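So the structure is just underneath, and the comments pick up after that.
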Protein chains: 2
Amino acid sequence: MKDNLVIDSIDRRILTELQANGALSHAELAQRVGSSTASCWRRIKLLETAGILTRTVRLVDAAKVGSGVNVICNLRVRDHSRETRANFEAFIHSRPEVMECFSMSGDWDYLLRVVAGDVADYEHFLMHVLLDHPSVGGASSHFALSLTKYSTAVPV
Amino acid sequence: MKDNLVIDSIDRRILTELQANGALSHAELAQRVGSSTASCWRRIKLLETAGILTRTVRLVDAAKVGSGVNVICNLRVRDHSRETRANFEAFIHSRPEVMECFSMSGDWDYLLRVVAGDVADYEHFLMHVLLDHPSVGGASSHFALSLTKYSTAVPV
DNA sequence: TTAATCCCGAAAAAATTTCATCAAATTATA
DNA sequence: TATAATTTGATGAAATTTTTTCGGGATTAA
């Protein structure tokens with residue numbers, strides 16, 4: 001993974017298009033960024049080996065599969081030992097309803113975005129999964145009323 | 001978009017696989033979920049027309065393109081009129097550095113996840129973009145120290 | 001039980017991707 | 001500025017993938 005790839009304006013356009021639609025054919029992509037399919041193909045390979053362009057994923061409508069409720073959860077770990085933090089992070093990775101987790105500056109140790117089917121669902125997760133976990137010291141939950149924007153596309 | 005599709009266990013496996021790797025061929029997918037390529041293809045089409053399976057996107061390493069800093073920003077709008085809210089939400093959609101935005105219960109109106117290159121970058125965004133916007137009443141920002149987990153895959 | 005329907009997998013057809021080659025164009029360098 | 005190195009787009013062929021078609025078996029309804 002050569003970390004030192006210099007990105008030019010066509011690379012940027014490729015990244016933009018592919019972040020919006022990862023299923024574009026090379027021909028369509030070439031047309032949109034004003035290049036040839038061969039060149040697009042080469043650039044994509046380079047961006048991939050540089051670790052800039054990573055996975056392809058398909059998105060699923062969360063509400064349609066019973067995870068339409070988003071909860072933002074601020075959390076403190078019981079203590080700040082390396083072991084506790086490692087246990088906590090492993091635990092976070094094991095729970096599919098935890099979509100995102102950030103280690104935070106400020107009053108709380110972590111901030112989580114958790115999806116749930118409804119309030120009762122989340123109550124169960126909070127009381128019997130999160131707060132029961134030995135690494136977790138405390139939590140404060142805030143429900144999202146609605147989703148205004150969700151993007152996976154980083155600015156390029 | 002027929003909303004009434006009943007999802008069975010093979011559909012669920014397909015969704016799981018495709019959320020993890022959207023570039024799987026139908027043949028590989030068929031093998032993993034224990035079905036045939038044609039059947040997988042048909043199920044995918046149904047899941048798509050039902051609006052359950054949505055876009056294919058490629059992910060980009062945010063840090064490698066200069067957006068490695070995550071900031072969680074709580075925000076109040078200036079007032080709660082329909083117009084102010086609509087203006088605010090249109091503004092949010094127009095800003096690529098705002099990756100996510102939730103309308104929230106509790107003390108704040110919205111919660112944003114914003115990406116930036118560094119602290120100075122964010123300072124500029126906060127002072128000259130967010131707080132300068134006529135719909136924005138106030139904000140409180142919290143920097144993420146690190147990203148513990150980021151998943152686009154909803155539980156199925 | 002029969003008939004209609006649905007879902008399946010196999011196979012064929014159509015399209016796309018992958019990757020090599022080459023000459024021209026562009027860029028860097030001496 | 002001349003030369004070297006790199007990048008580009010066109011081309012094409014092989015491999016792979018997507019999509020359609022089709023007959024048969026399971027399921028359901030009458």
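Please read all numbers here as calculations on a predicted model, not as lab measurements. Each chain gets a letter, A, B and so on, in the order the sequences are listed, and its residues count up from 1.
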Using atom NZ of K45(B) as one end and atom C1' of dT20(D) as the other, report the distance to the nearest whole Å.
12 Å
Out of dT19(D), dG9(C), dT8(D), whichever nucleotide has its closest atom nearest the side chain of R43(A):
dT8(D)
Remember a base hit wins even if backbone is also touched, and classify T37(A) as base, sugar-phosphate or nothing at under 4.0 Å, heavy atoms.
nothing
Do any side-chain nitrogens or oxygens of R42(A) fall under 4.0 Å of OP1 or OP2 in dA20(C)?
no
Choose from dA10(D), dT18(D), dT17(C) the nucleotide whose nearest atom is closest to any side-chain atom of A38(A).
dA10(D)
From the list I92(A), L130(A), V129(A), V115(A), side chain to side chain contact (heavy atoms under 4.5 Å, CB included) with V98(A) holds only for I92(A)
Please determine whether a side-chain nitrogen or oxygen atom of S39(B) lies at a distance below 4.0 Å from atom OP1 or OP2 of dG9(C).
yes
Measure CD1/I7(B) against P/dC7(C) and give the value in whole Å, please.
13 Å
Would you say S81(A) and T84(A) are linked by a side-chain donor-acceptor pair, where the criterion is simply a distance under 3.5 Å?
yes
Distance-only donor-acceptor check, side chains H133(A) and N87(A), under 3.5 Å:
no
What's the CD1-P distance between I44(B) and dT17(D), to the nearest Å?
13 Å
Between atom CD in E28(B) and atom C1' in dT17(D), what is the gap in whole Å?
13 Å
Rounded interatomic separation in angstrom, taking CG from D11(A) and C1' from dT7(D):
12 Å
Closest to the S25(B) side chain: dG9(C), dG9(D), dT18(D)?
dT18(D)
Return the orientation label for the F88(A) and Y110(A) ring planes: parallel under 30°, perpendicular over 60°, tilted otherwise.
tilted
Can you tell me if the side-chain N/O atoms of S35(B) get under 4.0 Å from OP1 or OP2 in dG9(C)?
yes
Report yes if at least one side-chain N or O of H26(B) is closer than 4.0 Å to OP1 or OP2 of dT17(D); otherwise report no.
no
Rounded to the nearest angstrom, tell me the gap between atom CH2 in W41(B) and atom C1' in dC7(C).
14 Å
Can you measure D8(B) atom CG to dC6(C) atom P for me and round it to whole angstrom units?
17 Å
Length of the CG-P vector between L18(A) and dT17(C), whole Å
11 Å
Taking the side chain as everything from C-beta on, heavy atoms only, tell me whether L53(A) gets closer than 4.5 Å to V60(B).
yes
